[in-house]
Protein chains: 2
Amino acid sequence: MPLTDCLRERPGPPVMPHADTENLCRLLAHVPLLEGFDPGELARFARGVREQNVDKGAVLFHRGDPCHGFHLVLCGQIKLAFTSAEGQEKVIEIMRPGQSFGEAVMFMEKPYFVMAQALTDSRLLHIAKSVVFEEMDRDPTFCRRIIAGLSQRLHHLIADVETYSLLSGRERIVGYLLREEESSGEPGLCGRVSIRLPTSKGTIASRLNLTQEHFSRILHELAEAGLIVVEGRTIHIPDIERLRTTGARY
Amino acid sequence: MPLTDCLRERPGPPVMPHADTENLCRLLAHVPLLEGFDPGELARFARGVREQNVDKGAVLFHRGDPCHGFHLVLCGQIKLAFTSAEGQEKVIEIMRPGQSFGEAVMFMEKPYFVMAQALTDSRLLHIAKSVVFEEMDRDPTFCRRIIAGLSQRLHHLIADVETYSLLSGRERIVGYLLREEESSGEPGLCGRVSIRLPTSKGTIASRLNLTQEHFSRILHELAEAGLIVVEGRTIHIPDIERLRTTGARY
DNA sequence: GCCGAACCTTGATTCCGGTTAACTCCCGGA
DNA sequence: TCCGGGAGTTAACCGGAATCAAGGTTCGGC
């Protein structure tokens, strides 16, 4: 029962006062990386897993911190970002429930080179390097999953680079909205859908490599063109097909 | 002996008229991914390896082509890039001898989403998916290497994203020159070094997310500031320390 | 219900970098 | 030798997006 609960966005009341092995195993069974593992394997993993509850704004790690494992989001949102010498920040990714991060750094045995901060009160699991490495030696299929995961990550990142370098601000925003709509899985009758931004507009703007101001302006333009209706953090799309076809135009 | 030969930049006369297993093994022994493998393992690999000689300008694969393995550069340069709907091109990476590419796509069992084109006459190896997968099942340390390689790649890509989004054009160029100098390994007395650009300025500009014109302008500015001297494709740096400290300034 | 702090919007202005268009250089081939 | 084309440079101009600077909203806490 906590399994589904804790993969929702909103934290809700703490289901588990403190993590015992059995509960951990139940959580682990739903981790993408460990899907289909039998109880024995999960128990081995549980030894190196620790639950983390972090408040909104808390920093999980800074650039330069040593890495002892990887993280998995159970609920809430974690932002990965780096900060320039002048203090400006660029959000690389907003991690949502079910997603994990920090694997690559862990495998390289180097310190983190980005920082992670909770955008909302969040609950996550920390999986220690040691148990991952042990399991890798033991189980080739586990290796395959890790490789698949890293490949996927790489793909996304290249897609991001493509987005940043080939698309205008407006195109990036339209693309973001369309993707967000897709992943939300809402049916939306006859092309009408509403999506709720997962976090503040400023953060999303940074994720899309835009300033908050520019983001706001483009949203306004899209609204003026009748392609969207902005209502606080909720965006209504009267005709998603039209947004897809004419949204990119300028 | 051909081993070292073929890891140079310039192709030179073809050392091997056609690849037999023994020669292939000798080549494979120097592939980073396979370093330290014993002859038996290499022989297993050789079954799925094919040598490729491509002329300058030849396209190895387009976006959308199916992927049957990964590639390793023996000599020459291969550019990875994508093209926008409007036909403009963005270079993601310039692969040099000893580097490999296409692994991530191979593991995802998806078609290529970038294209690869030879910048010079080049020689490379194509390693079939099948032998890689077989070896992965057989050898956990091989998996580890793959994971390490993918992690490394991911790291570089994130560093690129950081570069693109946080640094000005000028800073990117200065950074590029400094990295190029570092990797060239030339000693360079009392801070004086010369580096030769690996390929055309237009291509490097695209790699750095700049237009050719802007790249040219910045080079000119740096030259005017006395930080570099441009002589065709060769860049002289009279004082590398000064470039490092004042090059970023604007 | 008031206050302050985040968050967001809006407008004015600036500027980095892209676009366009000559023009030069250099090299290779007929 | 001349020609043609690719690479590189230069300059004028433009525009997308950042910056600066106020306002406006929303919301939680006292």
Take the protein atom [atom1] of [X] and the nucleotide atom [atom2] of [N], then report the distance between them rounded to whole Å.
{"X": "A:Ile218", "N": "C:dT10", "atom1": "CD1", "atom2": "C1'", "result": "15 Å"}
{"X": "B:Leu219", "N": "D:dA7", "atom1": "CG", "atom2": "C1'", "result": "14 Å"}
{"X": "A:Asn209", "N": "D:dG16", "atom1": "CG", "atom2": "P", "result": "17 Å"}
{"X": "A:Phe215", "N": "D:dG16", "atom1": "CZ", "atom2": "C1'", "result": "17 Å"}
{"X": "B:Lys90", "N": "C:dG17", "atom1": "NZ", "atom2": "P", "result": "14 Å"}
{"X": "A:Leu119", "N": "C:dA6", "atom1": "CG", "atom2": "C1'", "result": "14 Å"}
{"X": "B:Leu210", "N": "D:dG8", "atom1": "CG", "atom2": "C1'", "result": "15 Å"}
{"X": "A:Leu167", "N": "D:dG16", "atom1": "CG", "atom2": "P", "result": "14 Å"}

* For A:Val174, which of A:Ile218, A:Thr246, A:Leu222 qualifies under side-chain contact (heavy atoms from CB on, under 4.5 Å)? -> A:Leu222
Determine: side-chain N/O of [X] to OP1/OP2 of [N], distance under 4.0 Å, yes or no.
{"X": "A:Thr211", "N": "D:dA18", "result": "yes"}
{"X": "A:His220", "N": "C:dT10", "result": "yes"}
{"X": "A:Lys201", "N": "C:dA6", "result": "no"}

* Asked: When you measure from every atom of DNA chain D, which of residues 228-236 of chain A have a heavy atom less than 4.0 Å away?
  -> none
* Asked: Which one, D:dT10, C:dT9, D:dA18, comes nearest to the side chain of A:His214?
  -> D:dA18
* Does one side chain, of A:Glu171 or A:Ser168, offer a donor that lies under 3.5 Å from an acceptor on the other? -> yes
* Asked: Quick one: does B:Phe70's side chain get under 4.5 Å of B:Val105's, heavy atoms only?
  -> no
* Asked: Has the side chain of A:Arg217 got a donor or acceptor atom sitting under 3.5 Å from an opposite partner on the base of C:dG11?
  -> yes
* To do: Please figure out whether B:Thr203 or A:Ser168 has its closest DNA chain D nucleotide nearer the 5' end.
  => B:Thr203
* Structure fact -> In 5'-to-3' order, the base (B), backbone-only (S) or no-contact (-) status of each nucleotide in nucleotides 21-30 of chain C, using a 4.0 angstrom heavy-atom cut-off, is B---------
May I ask you to say whether [X] pairs ionically with [Y], meaning some side-chain N is under 4.0 Å from a carboxylate O?
{"X": "A:Arg96", "Y": "A:Glu180", "result": "yes"}
{"X": "A:Arg244", "Y": "A:Glu241", "result": "yes"}
{"X": "A:Glu89", "Y": "A:Lys79", "result": "yes"}

Under 3.5 Å, which donor-acceptor pairs link side chains of residues 158-166 of chain A to any protein atom two or more places apart or in another chain?
residue	atom	partner	partner atom	Å
A:Asp160	OD1	A:Arg207	NH2	2.8
A:Asp160	OD2	A:Arg207	NH2	2.6
A:Glu162	OE1	B:Arg63	NH2	2.9
A:Glu162	OE2	B:Arg63	NH2	3.0
A:Thr163	OG1	A:Ala159	O	3.0
A:Tyr164	OH	A:Lys90	NZ	2.9
A:Tyr164	OH	A:Arg207	O	3.1
A:Ser165	OG	A:Val161	O	2.6

* Could you check whether the rings of A:Tyr112 and A:Phe61 sit parallel, tilted or perpendicular, using 30° and 60° as the cut-offs? => parallel
* When you measure from the side chain of A:Thr120 to the backbone N and O of A:Gln77, does any donor-acceptor pair fall under 3.5 Å? -> yes
